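Here the structure comes first, spelled out in structure tokens, and everything after it is commentary.
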Amino acid sequence: DCWTDDATRTLIEAWGERYVSVNRGNLRQQHWQEVADAVNSRHGGDHPGSRRTDVQCKYRIDTLKKRYKAEKAKVLGSSNGSYLSPWPFFPVLHALIGPQFPAKNQNPSPPPAAGVPRTPFTLPAVPVRPRSFKRLVREHAPKAPSLATGDVFLQRKYAPPEREDSEGSGSRSSSGRRERTGGSGELVRAIRRLGEVYERVETRKQRELVELEKQRMEFAKELEQHRMRWFVEMQIVARKKAVLLEVEDVHALRTQSIST
């Protein structure tokens with residue numbers, strides 16, 4: 001069961017959209033079938049046997065979750081979070097399932113000194129039903145919240161550098177332009193994928209039309225052959241009847257001549 005990086009990326013996108021839509025709960029069989037259909041629509045014709053079932057997609061997601069847990073343990077277990085995961089799917093999976101897999105804090109911080117009030121640890125609010133899965137990945141992939149204090153290493157490694165307040169509105173405007181550029185790139189990719197799907201559909205339609213025309217011509221040929229056989233057989237039967245009538249006429253004339 002070989003998954004390419006492109007097929008895996010499509011799988012994560014399709015699964016992530018439905019995973020977020022059900023409030024990060026368990027997907028039903030209908031959802032998994034929709035995920036399989038989304039993967040097959042883009043990668044079903046890559047090579048023979050590349051079509052996926054809902055069960056195969058579920059097993060692949062389980063495998064990715066296990067790999068994510070292993071990579072996260074490496075990051076948190078390294079010295080000061082110096083390990084940077086080379087796995088390309090780590091940031092997006094951390095944004096989706098990071099809060100579900102908190103790592104144990106092996107080096108707990110010392111208790112606060114006497115008389116110093118303890119500040120409770122709170123998580124930033126995450127939207128329950130975001131407008132789109134891709135927007136969720138853009139906003140939370142670099143800094144996914146987690147119940148483990150060690151996740152500060154993940155945030156430090158995968159978060160973009162903070163901008164100083166002195167940059168002002170110029171930085172915000174340039175960031176807005178980059179977001180718009182990213183949105184335009186996504187639109188171009190979506191249109192390109194739509195064009196590829198349309199081209200495959202049209203190609204398949206042309207092949208089906210050619211096959212139907214071949215079947216029509218073969219049927220017409222068989223029908224013509226059947227008609228010709230029937231015509232020849234009718235000619236033979238008519239000739240036989242004519243010969244029998246001639247024989248009967250000759251026999252009648254001979255009988256009449258003998259009687260006279």
Side-chain angles (χ1 to χ4, degrees), residues 1-72 85-98 100-101 127 129-142 144 158 178-212:
D1 188 11
C2 180
W3 284 79
T4 62
D5 289 346
D6 291 338
T8 301
R9 188 174 294 106
T10 302
L11 171 66
I12 295 175
E13 290 179 0
W15 166 77
E17 291 178 358
R18 289 154 183 83
Y19 177 67
V20 173
S21 67
V22 296
N23 297 330
R24 292 180 170 81
N26 295 326
L27 270 64
R28 298 182 179 179
Q29 194 276 336
Q30 178 183 359
H31 296 144
W32 287 113
Q33 187 59 49
E34 293 175 355
V35 172
D37 293 340
V39 175
N40 292 329
S41 65
R42 293 175 58 181
H43 306 283
D46 292 348
H47 55 82
S50 60
R51 295 190 64 83
R52 311 293 181 180
T53 63
D54 53 343
V55 177
Q56 289 176 326
C57 292
K58 185 176 185 300
Y59 286 164
R60 178 59 174 170
I61 289 296
D62 292 339
T63 302
L64 294 174
K65 289 180 179 180
K66 293 178 182 178
R67 174 70 183 277
Y68 164 76
K69 291 174 64 177
E71 292 294 323
K72 183 176 180 179
S85 176
W87 193 37
F89 306 116
F90 182 84
V92 64
L93 286 176
H94 183 67
L96 286 169
I97 62 177
Q100 287 191 355
F101 299 103
R129 291 183 180 271
R131 294 182 178 178
S132 65
F133 164 71
K134 294 180 180 179
R135 181 177 178 182
L136 172 69
V137 172
R138 290 198 305 268
E139 294 179 355
H140 299 285
Y158 294 100
R178 283 195 297 271
E179 291 181 359
R180 288 193 296 271
T181 303
S184 301
E186 292 179 359
L187 179 60
V188 170
R189 287 192 293 271
I191 294 175
R192 186 178 302 156
R193 289 196 297 267
L194 181 61
E196 293 173 354
V197 173
Y198 179 80
E199 183 179 358
R200 288 197 297 268
V201 171
E202 287 297 322
T203 303
R204 184 181 304 173
K205 186 186 298 184
Q206 291 295 331
R207 288 198 299 265
E208 292 176 354
L209 290 176
V210 171
E211 291 296 331
L212 288 175

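Both backbone and side-chain heavy atoms feed into the values below; hydrogens, waters and symmetry mates do not. Source: prediction; values computed, not measured.
- At least one donor-acceptor pair under 3.5 Å links the side chain of R18 to the backbone N or O of A14.
- The number of heavy-atom neighbours closer than 6.0 Å to CD of Q29, taken from other residues, nucleotides and ligands shown, is above 12.
- When the side chain to side chain contact (heavy atoms under 4.5 Å, CB included) test is applied to R204, the partners found at least two apart in sequence or on another chain are R207, E208.
- Applying the side chain to side chain contact (heavy atoms under 4.5 Å, CB included) rule to T53 yields the partners V55, Q56; only residues at least two apart in sequence or on another chain are considered.
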Candidate pair K58 and D62, rule salt bridge (charged side-chain N to carboxylate O under 4.0 Å, His left out), full reasoning: CA-CA 6 Å; K58 185 176 185 300; D62 292 339; 3.7 Å; yes

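- With values rounded to the nearest 0.5 angstrom, F89 atom CZ is found 5.0 Å from T8 atom OG1.
- For H43 and T4, the side-chain atoms include no donor-acceptor pair closer than 3.5 Å.
- In terms of the side chain to side chain contact (heavy atoms under 4.5 Å, CB included) criterion, residue partners of E202 (sequence neighbours excluded) are, by chain and number, Y198, K205.
- Between Y19 and W15, the ring planes lie parallel to each other; the angle is under 30°, not in the 30° to 60° tilted range.
- Residues meeting the salt bridge (Lys or Arg N to Asp or Glu O under 4.0 Å) test with R67, sequence neighbours left out: E71.
- Residues R192 and V188 form a side-chain contact, since some pair of their non-hydrogen atoms from C-beta on lies under 4.5 Å apart.
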Please walk me through it: do W3 and C57 pass side-chain contact (heavy atoms from CB on, under 4.5 Å)? CA-CA 10 Å; W3 284 79; C57 292; 4.0 Å; yes

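- Distance NZ/K72 to CG/L93: 11.5 Å, rounded to 0.5 Å.
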Go through E13 and R42 one step at a time and tell me if the side-chain contact (heavy atoms from CB on, under 4.5 Å) criterion holds. CA-CA 12 Å; E13 290 179 0; R42 293 175 58 181; 3.6 Å; yes

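- The environment of R200 atom CZ is dense: over 12 non-hydrogen atoms of other residues, nucleotides or ligands sit within 6.0 angstrom.
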Evaluate Y68 against W87 for side-chain contact (heavy atoms from CB on, under 4.5 Å), listing each step before the verdict. CA-CA 9 Å; Y68 164 76; W87 193 37; 3.9 Å; yes

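- If you take OH on Y59 and CG on D54, they are separated by 10.0 Å, rounding to the nearest 0.5 Å.
- The salt bridge (Lys or Arg N to Asp or Glu O under 4.0 Å) test applied to D5 returns no partner, not counting sequence neighbours.
- From L96, atom CG reaches atom CD1 of I12 across 8.0 Å, with rounding to the nearest 0.5 Å.
- For D37, the side chain to side chain contact (heavy atoms under 4.5 Å, CB included) partners are Q33, not counting sequence neighbours.
- The structure places CZ of R193 at 7.5 Å from OG1 of T10, a figure rounded to the nearest 0.5 Å.
- In plain terms, the two heavy atoms of P91 and P88 that are nearest each other are CD-O, 3.6 Å.
- Side-chain contact between R9 and D6: present, with at least one pair of heavy atoms (C-beta onward) separated by less than 4.5 Å.
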